[in-house]
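Heavy-atom basis, side chains included; hydrogens, waters and symmetry copies ignored.
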Number of protein chains: 2
Amino acid sequence: MFSKACEYAIKAAIFITSSSEEGERVSLIQIAKEIDSPEAYTAKVLQKLTKNNIVNSIKGPSGGFEIKPKSANKIKLSQIVTAIDGDSIYNGCALGFGKCNDQKPCPVHFQFIGIRNDLKALLQTTTLKTLSQDIHNGITFLKQ
Amino acid sequence: MFSKACEYAIKAAIFITSSSEEGERVSLIQIAKEIDSPEAYTAKVLQKLTKNNIVNSIKGPSGGFEIKPKSANKIKLSQIVTAIDGDSIYNGCALGFGKCNDQKPCPVHFQFIGIRNDLKALLQTTTLKTLSQDIHNGITFLKQ
DNA sequence: ATTATTTCGGACATTTTTGTCCTTTATTAA
DNA sequence: TTAATAAAGGACAAAAATGTCCGAAATAAT
Ligand code: FES
Ligand code: FES
């Protein structure tokens with residue numbers, strides 16, 4: 001469904017949101033530990049999130065990553081997914097046609113558009129804030 | 001969503017079904033041409049389908065691949081997917097946890113189980129026969 | 001029997017994804 | 001100013017997925 005990079009991105013963004021709610025910037029090292037991901041690779045992922053203005057990065061001592069609570073409200077999962085994995089989840093075809101296309105649909109097109117639309121809706125409505133609250137309330141977890 | 005190998009497998013199986021309805025065995029070369037896939041790689045995929053008793057292969061002149069119309073009725077998409085991609089689509093976690101787990105769910109677990117269940121249902125109810133009929137009726141296509 | 005055809009299967013090659021290492025740049029604090 | 005800290009980013013490495021090549025095995029027709 002998502003690439004590893006995207007999985008790390010989502011988990012990292014949730015952790016950063018969650019820490020920022022408590023006024024704490026977090027470092028790469030903390031993030032990688034918390035979401036159980038390889039440090040250097042996670043760094044690359046975070047750079048992409050930074051360039052896409054999803055997270056804010058601050059260099060130097062007492063620096064780190066943060067996401068203002070104000071914007072955590074507005075950031076949807078879909079923004080993270082497209083930043084890392086591109087828009088294949090939106091325009092791609094389940095059977096690998098260049099683009100999903102109503103005019104010349106692949107064999108599973110009509111079965112899949114329903115599910116894909118549900119997925120789109122989910123990604124476009126779920127915010128980082130929501131996900132971070134679930135973590136805070138102990139109903140979901142960042143690692144197993 | 002699916003691996004390339006699985007995409008080829010699904011398309012190949014549909015084409016074989018469709019040809020078998022008309023009493024025609026098809027060769028690897030015909031299949032690869034029809035579904036627009038690399039020949040040798042498609043051969044590997046077909047070998048897996050053969051070992052999983054999803055398609056029937058006959059060596060030698062006038063040999064090729066076939067799927068008895070009788071069984072095309074019973075073969076579900078899910079069988080092909082699990083034969084090629086394993087059961088990650090059923091047990092895997094959207095964010096890469098070892099297994100999806102209600103007791104220690106990942107941050108998107110509750111959002112995704114609905115969609116995954118829909119996907120499961122779809123794969124478990126869609127038969128090769130149905131898909132091959134759509135091809136036959138010209139409402140779906142094997143290549144773009 | 002011989003030959004031609006077609007799948008099987010092992011070995012290898014390429015590409016993509018994932019992961020690592022190390023230097024540079026920015027920033028803070030002493 | 002200097003030293004310490006932390007992200008940025010380039011280069012490289014490993015692993016996985018995808019793709020190719022070629023000979024072996026089975027089968028049918030001649
Ligand atoms: S054409 Fe394949 S999913 Fe739409
Ligand atoms: S635990 Fe991640 S999808 Fe269920």
What integer distance in Å separates [X]:[atom1] from [N]:[atom2]?
X	N	atom1	atom2	value
B:Glu39	D:dC22	CD	P	13 Å
A:Gln47	D:dA6	CD	P	17 Å
B:Ile35	D:dG19	CD1	C1'	14 Å
A:Phe65	C:dT27	CZ	P	14 Å
A:Ile84	C:dT17	CD1	C1'	14 Å
A:Arg25	C:dT27	CZ	P	11 Å
A:Gln30	D:dA7	CD	P	9 Å
A:Tyr41	C:dC21	OH	C1'	16 Å

If you check the [X] side chain, which of [options] turns out closest?
X	options	result
A:Pro61	C:dT27, C:dT5, D:dG19	C:dT27
B:Lys4	C:dT7, D:dG19, C:dC21	D:dG19
A:Lys59	C:dT25, D:dG9, C:dC8	C:dT25

### Query
Would you say A:Lys68 has more than 12 foreign heavy atoms packed within less than 6.0 Å of its NZ?
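No - once you tally the heavy atoms of other residues, nucleotides and ligands closer than 6.0 Å, there are 12 at most.
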
### Task
Give a yes or no on whether A:Lys33 atom NZ has more than 12 heavy-atom contacts from other residues, nucleotides or ligands under 6.0 Å away.
no

### Message
For a quick check of understanding: with a heavy-atom distance under 4.0 Å over all strands, which category does B:Lys48 fall into, base, sugar-phosphate or nothing?
### Response
nothing

Is the distance from OP1 or OP2 of [N] to the nearest side-chain N or O of [X] less than 4.0 Å?
X	N	value
A:Tyr8	C:dG19	yes
A:Lys51	D:dG9	yes
A:Ser57	D:dA8	yes

### Query
Between A:Lys48 and A:Ile84, is any pair of side-chain heavy atoms under 4.5 Å apart?
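Side chain of A:Lys48 against side chain of A:Ile84, heavy atoms only: contact under 4.5 Å found.
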
### Task
Would you check if B:Gln124 and B:Tyr90 make a side-chain contact, meaning some heavy-atom pair closer than 4.5 Å?
yes

### Rounded distance [0.5 Å steps], CD1 in A:Ile54 versus OG1 in A:Thr82
6.5 Å

### Task
Let me know, please, whether A:Lys44 or A:Ile58 comes out on the 5' side of the other along DNA chain D by nearest nucleotide.
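Counting from the 5' end, the first nearest nucleotide belongs to A:Ile58.
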
### Task
Hey, which sits more toward the 5' end of DNA chain C by its nearest nucleotide, A:Thr42 or B:Leu46?
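By nearest-heavy-atom nucleotide position, the 5'-most residue is B:Leu46.
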
